[in-house]
Structure formats: structure tokens, C-alpha cells
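Below is one structure, written out as C-alpha cells, with a few remarks after it.
The analysis underlying the following values was restricted to heavy atoms, covering all of them including side chains, and did not include hydrogens, waters or symmetry mates. In listed order, ligands and their atoms are each counted from 1. It should be emphasised that the depicted structure is a prediction, and the values quoted were computed from it without experimental measurement.
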Amino acid sequence: MQPKRILLIVGGGIAAYKACELVRLIRKNGGEVTCVLTEGGAHFVTAMTLAALSENPVHTTLWDLKNEVEMGHIQLSRQADLVVVCPATADLMAKMAAGIADDLATTLLLATDKPVMAVPAMNVRMWQHAATQRNVATLRASGVTVLDPDEGAMACGEYGPGRLPEPEAIWNAIARSGTAQTGPLSGKHILITAGPTHEPIDPVRYIANRSSGKQGFAISAAAALAGARVTLIAGPVSLATPPGVARINVETARQMAAAVDAALPADVAVMVAAVADWRAADAAPQKLKKDGTGQIPPLHLAENPDILATLARAANRPPLVIGFAAETENIIAHAQAKLARKGADWIVANDVSGDVMGGASNTVHIVTAAGVESLPEMPKDAVATALVQRIADALR
Ligand code: C5P
């Protein structure tokens, strides 16, 4: 399960304002947060802000006797499921690596028996400095999860690695840190494709389809909740990455094929993407123009690789390969033919004659060599849960 109780230590850097957003995200996802604000952190955000967002008292000093009576600092450090240091400044990480305990935050970090995650944010030179890199290596070697900072423009005007990752990415790492340990799919790697592909005709036009990606994203979320390590290879869709899922964005079928190959080995592959069967044979390097003669440019198509069929016949084929089949008629017969043609173990056939593509519910039939199981119409996340249950049973 996801860590429910987070002890959040807010260090002193300009990125501290993003810790406020992180508190909101943890709360929104059903977690509890208790904040500890360092003296440096208090120069950037106030205890009042963190208290209001977390709906919990904020702790700032080791010498607060009232707190020491009500709650010892040792107890505070152990009440959480996970301790998150965000932003983790160069100074805080140096103290953590050296075992210095000279304020409330560092004392808690030394006293805790819970997993610790540090989310660094600092100037690019400070991040790249040998001392910081040494401290990060020491922390990682002693079991602290140190996230990599983002690369980009910094508040100080420089450019490079050192930016705090976006709060959504931090939340995903937090959720993943818990989900990887328990559940019927723990220890398993599930590879999922989802969404449409876009096949360029020229730099501004493309061939696409109506796939929303909702079903594949729902399966990714359900698999992560069941404890799997999930790699989601997503075509262009505007959906949030489910907690605990590692997402790789691609645009074309050929990029998706390469990403699937690079993500192997996996225990299970669930190919939900509506991959374009054809692409423009020669995508124009410049925008195609009307030339005034009324002549229509020809559109020659080339066949895309069949990712599912290739994977099902690959030497490093996952032990369980599942394909989807979107059909508008003779659903089961087409799915049975597809099972053999693609070399998949299961085909999940769905009736797309209604508004399934983009809609919230789905009616599916799970077709295997052993027979057909038809599920009633249900929301896409219920379909996902049902499928993940069957996957867990099959792997058992
Ligand atoms: O042949 P059809 O497109 O109906 O097959 C659907 C199944 O095959 C889905 O699982 C889809 O993700 C997969 N597929 C693929 N690569 C393609 C075409 C389809 O992986 N080029």
C-alpha cells in the first residue's frame, strides 16, 4: 500500500514553496502529513501555511518543551510511514550524510527507523560539486532514496540539473515507494502500452485515432496498486500519470515499438494502445502547401510494425502477453482469430460500436485458448481491477 503518514521536512531553499503544493497533493491522495520546518525553510514559507494545508501542527524547534512533553522527537520521527526531505538542500544532505544532529530536522533524521526520501533542490554548481555528489552517494549507499533533480532554468538565473522535480513527480515517487513492497503483483514488472499513436504527414499534420488512453491508464493504476512495478508507454494523451507508475511518452508507432523493446524484460505485457496500422510513407520535412493549381498531394502509406505480434514472438517474450481487440461486430470470433494471429496468450476484446473510445465504461470479453469470459458493462477502472486480478491469479 501507499505510505499513508508522511513526515515532511521542509529545508531552506526557494523551492520550499513547492513543498506546499506537495502537502496538498499528499492530502488529496488520502495521505496524512506532518511538517517540520527548518530555520532556513521558515525564511521561504511560513509554519502557518504548512499547518493550514496539512491540517496538522508544524514543528520547528527541538527546544519546544511543550512538544517534548506531548510528543518526543524520537516518537515524531517514528510515527510516519515515510520521512520526506523536500527541498533537500546541499547543507541538509551534508549533515544527513555526516550524521550531524544540530536541530529538530537533523535530529529526527538521525533518530528515525523509517524509510527516508530526499528531494534535492539547489544551484547547478552546488549540485555538481564533488562534496554534494559524495554526500548523495553516501546517502544512497545507506538506503536513503535520493531523487534526481530536474534540469532547467533556475531561480538564480543559471541552467542545468538542480531544480526540484514537479510536485506530481515527487508524489509519484512517494506512492511508488510504498506500492512496490506489497500486493499480489509485488516483485512483478508489468509493461503497458496505452493511447493512440500520431503518425506525422508533415510537421503540422498527423494521422491519429479516437483512443483516449483511459483503459490503459486505468490498468496501469490498478497494477501499481497491486504492487507491480509498472512501465506505461503512452501515446499522446492528456491524462495524469497514475501514482507509482513510470511513464514513457511516445508519439509514433515506431517510437512505441522501440520503447517497448527497451523496457524488457517484463513478467506481463498488456498492449492496450490503439497503434496506427499505417504511417505516411514519406513524412514531408516542411509543411505541405496548396500550390494554387488544384492538385491534391498524394498520401502514400507504409505499414507500421505490429508491436504485439513482434513481442509475442520475441526471444525475451514476457511469460504473459495480453492484447486488446477493438471490434464493432463478430467480436469474439475476431478476437479468437487475433489470438492465434498475434501469438498472444489472452485477447481482451471490446465492443467499440458505442462510444467506448473516450467513454468511461467498457464491455469486454477475455479470450484465451481455454475459453471466453464475458464481463458485464462496467467502468474502465473496474475492468482494470478485474483484469489485474486475473493476471495475479495467472502468475500465481
Ligand atoms: O490488429 P489490431 O490493431 O486489431 O490489434 C490490436 C492489438 O494489437 C492491441 O493489443 C494493440 O495494442 C496491438 N497492436 C500493436 N501494434 C500494432 C497494431 C496493434 O501492438 N501495430
Side-chain angles (χ1 to χ4, degrees), residues 190-200 206-220 223 230-237 239 247-264 266 268-281 301-314 316-318 320-353 356-358 362-369 372 380 383-384 387-388 390-391 394:
I190 316 266
L191 174 58
I192 298 169
T193 64
T197 63
H198 284 181
E199 309 294 336
Y206 55 82
I207 302 170
N209 60 64
R210 292 185 192 280
S211 168
S212 66
K214 282 180 190 161
Q215 186 63 80
F217 274 60
I219 295 168
S220 303
V230 181
T231 305
L232 168 63
I233 299 170
V237 292
L239 292 175
R247 171 177 181 172
I248 298 164
N249 287 324
V250 297
E251 221 171 283
T252 67
R254 287 189 292 178
Q255 288 167 357
M256 188 173 275
V260 164
D261 196 46
L264 292 173
V268 185
V270 193
M271 307 280 95
V272 198
V275 184
D277 290 319
W278 303 285
R279 64 176 182 273
L301 298 178
E303 196 166 321
N304 269 330
D306 191 314
I307 302 168
L308 171 61
T310 308
L311 180 69
R313 298 192 168 91
N316 52 353
R317 175 197 204 277
L320 181 58
V321 174
I322 303 171
F324 267 66
E327 304 289 354
T328 53
E329 53 169 5
N330 294 332
I331 294 155
I332 290 171
H334 279 136
Q336 279 163 335
K338 197 160 290 181
L339 189 69
R341 196 169 69 244
K342 302 259 186 180
D345 300 301
W346 304 355
I347 290 285
V348 181
N350 55 343
D351 184 347
V352 290
S353 54
V356 164
M357 284 199 143
N362 208 350
T363 310
V364 305
H365 312 269
I366 302 174
V367 179
T368 71
V372 181
K380 285 180 176 172
V383 171
L387 186 64
V388 163
R390 281 156 187 76
I391 291 171

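Protein heavy atom at the shortest distance from atom 20 (O) of ligand 1 is Leu308 N, 2.8 Å. Among all protein heavy atoms, the one lying closest to atom 16 (N) of ligand 1 is Ile307 N, 3.0 Å. The closest protein non-hydrogen atom to atom 4 (O) of ligand 1 is Lys338 NZ, 2.3 Å. Among protein heavy atoms, atom 18 (C) of ligand 1 sits closest to Val275 CB, 3.8 Å.
Taking any N or O of Phe324, backbone or side chain, at least one lies under 3.5 Å from an N or O belonging to ligand 1. Polar contact with ligand 1: absent for Ala274 (N/O pair, distance under 3.5 Å). The shortest N or O to N or O distance between Met271 and ligand 1 is below 3.5 Å. Between Pro305 and ligand 1, at least one N/O pair is under 3.5 Å apart.
Against a heavy-atom cut-off of under 4.0 Å, Gly323 is close to the following atoms of ligand 1: 10 (O).
Under the 3.5 Å distance criterion, the side-chain polar atoms of Asn350 are left unmatched by any main-chain donor or acceptor of Val352. Counting only distance, with no hydrogens or angles, the side chain of Arg279 and the backbone of Ala302 share no donor-acceptor pair below 3.5 Å.
Within a 6.0 Å sphere centred on CZ of Arg317, other residues, nucleotides and ligands contribute more than 12 heavy atoms.
Considering each of Glu303, His334, Lys342, the one bringing a non-hydrogen atom nearest atom 8 (O) of ligand 1 is Lys342.
Within the 4.0 Å heavy-atom shell around ligand 1 one finds Ala273. Ligand 1 is never approached by Asn304 to a heavy-atom distance shorter than 4.0 Å.
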